[in-house]
There are 2 protein chains.
Amino acid sequence: MSKQSIKLSVDAVVFGYEEGNISVLLIKRKYAPFKGNWAIPGGFVLNNESLEDAVERELFEETGIKINYLEQLYTFGMPDRDPRGRVVSIAYFALVRPDAFKIAASTDAEQAQWFNINELPELSFDHNEILKAAIERLQGKITYEPLGFELLDTKFPFSDLEKLYSTLLGRAVDRRNFRKKIIGLNVLDELDEKSSKGSGRPANLFQFNQKRYFQLKKEGIIFEI
Amino acid sequence: MSKQSIKLSVDAVVFGYEEGNISVLLIKRKYAPFKGNWAIPGGFVLNNESLEDAVERELFEETGIKINYLEQLYTFGMPDRDPRGRVVSIAYFALVRPDAFKIAASTDAEQAQWFNINELPELSFDHNEILKAAIERLQGKITYEPLGFELLDTKFPFSDLEKLYSTLLGRAVDRRNFRKKIIGLNVLDELDEKSSKGSGRPANLFQFNQKRYFQLKKEGIIFEI
DNA sequence: ACAAAAGTGTTCGATCTACACCCATGA
DNA sequence: TCATGGGTGTAGATCGAACACTTTTGT
């Protein structure tokens, strides 16, 4: 067996959401190959850091963002995926809340930018494939894990949650049935606050109760929408 | 950034099934570390092979087995998971049919051995964790993907499928309801053959129709049990 | 008073669950 | 003829889908 000379990198697909738009954070590459092209943020793993640490470090270095949900997506390892040589990349999947989303959108406009997932540019390497896998994961997982709350502010009106789901699932959801179902899951706390943005009746704010969710999950109750 | 010296390996959790028993293929390590201990088969990735090729090569070298279903499970990358240095391992999940199962069980008895998943030994490295993840994946995925057929002979009586599911799910399944549901999925062909092993009325044999399954999947019909 | 978004129940059909007897074969 | 596993239908309960009017606020 010849000495191994494979390099290891991590890449992260970061999703953000605001007002019916799902966005992905991309960076413009500064060096060859694919110089000037858009790419998913990422980079090489250091010898003594965990993979998750590598993701968070690279994300912070390249985009300044601080994510609040991270999970491993898939490892891409085709021998020819990087023209520089053999690079195996462990792709991650991250979610940020609207506040981080807005901050990141206002700074660093040249290097890192949010793209609506329906208006994506051609990406470098096999990043289109990675992004596709990430979108499928998000759409699939949102129906059986409470991921949606990671994309909203901690306090949110029901209509935000509903709009998020209808956007992600790509179809209308019935307001009454949706509310019944979510309330029935028993993982939301209704707050005494009301939102009052603009016209119409102010909405009660809700908050995801993670503690209760983990409790119910341990008892075998499954989240499903 | 210091030069990267991370090594890359693949490991495969291979499941086999026979008569109500789910087994995992393990090897006894020949060299330190963990010499003489049981471990999941695997090894280092070569520079020019894909990850899947590496898995199949290592499996064949170490156990002689030829698997018929393979999917990536998870990548394990904690810096201290291997005492020899930094080794990141991409774990795979494989299924074999009973015929391969029986052949592998009869040869190489010293190096590779099947273990019932309820009677597992202590494993090397973080392989207990990997195995746990694989078992959870198998149990979870079997309810929404037609994985079960990969563990049975291509022609099988309904009762085999039923027993497999009740074993994997860890609970009794109602024979009539189960049959109704599976038949309703419309992915089984009923053959004109009958099995006649021992006593009792001979059972009709069925066969999974993968073509029809992919067809239905494309149309959005989902497999669920 | 009207525009705009929030909040709320009921009915119908589909699906799931529970359950027990007859059938075909080999010994 | 008996033991063994294979094959089948129905009724009640539960769950999901469809659907429209009233409430609260700002202008």
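First the proteins, then the strands, lettered A, B, ... as listed; each starts at 1.
- Residues of residues 167-179 of chain B having a heavy atom closer than 4.0 Å to DNA chain C, listed by number: Asp174(B), Arg176(B), Asn177(B).
- Taking the six-membered ring for Trp and the full ring otherwise, Tyr144(A) and Phe223(A) have centroids separated by 6.0 Å or more.
- Taking the centre of each ring, Tyr17(A) and Phe15(A) stay at or above the 6.0 Å mark.
- Among Glu56(A), Glu71(A), Glu52(A), the one residue that satisfies the side chain to side chain donor-acceptor pair (under 3.5 Å) test with Tyr92(A) is Glu52(A).
- Between the side chain of Lys180(A) and the base of dT10(C), at least one donor-acceptor pair of N or O atoms lies under 3.5 Å.
- The distance between atom CZ of Arg201(A) and atom C1' of dA4(C), rounded to the nearest whole Å, is 12 Å.
- If you measure from atom CG of Asn204(B) to atom P of dG5(D), you get 18 Å, rounded to the nearest angstrom.
- Between Arg179(B) and Asp174(B) there is no salt bridge, since no side-chain N of the basic residue sits under 4.0 Å from a carboxylate O of the acidic one.
- Ring centroids of Phe206(A) and Phe156(A) are separated by 6.0 Å or more, keeping the two rings apart.
- Atom P of nucleotide dG7(D) and atom NZ of Lys163(B) are separated by 13 Å, given to the nearest angstrom.
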Practice prompt. Quick one: do Glu19(B) and Lys163(B) satisfy salt bridge (charged side-chain N to carboxylate O under 4.0 Å, His left out)? Show the steps, please.
Written response: CA-CA 8 Å; Glu19(B) 317 225 338; Lys163(B) 200 184 293 173; 5.9 Å; no
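- With rounding to whole Å, Glu162(A) atom CD is found 13 Å from dA5(C) atom P.
- There is a side-chain donor-acceptor pair under 3.5 Å between Asn204(A) and Glu190(A).
- Both Lys194(A) and Asp160(B) lie near DNA chain D, and the one whose nearest nucleotide falls closer to the 5' end is Asp160(B).
- The side chain of Ser159(B) contributes an N or O atom lying less than 4.0 Å from OP1 or OP2 of dG6(D).
- Rounded to whole angstrom, the span from the CD atom of Glu224(A) across to the P atom of dA17(D) amounts to 11 Å.
- In this structure, Lys181(A) places its NZ atom 17 Å from P of dT14(D), rounding to the nearest Å.
- The 5' end of DNA chain C is approached more closely, in terms of each residue's nearest nucleotide, by Gly200(A) than by the other of Glu190(A) and Gly200(A).
- Distance, Ile183(A) CD1 to dG7(C) C1': 11 Å, rounded to whole Å.
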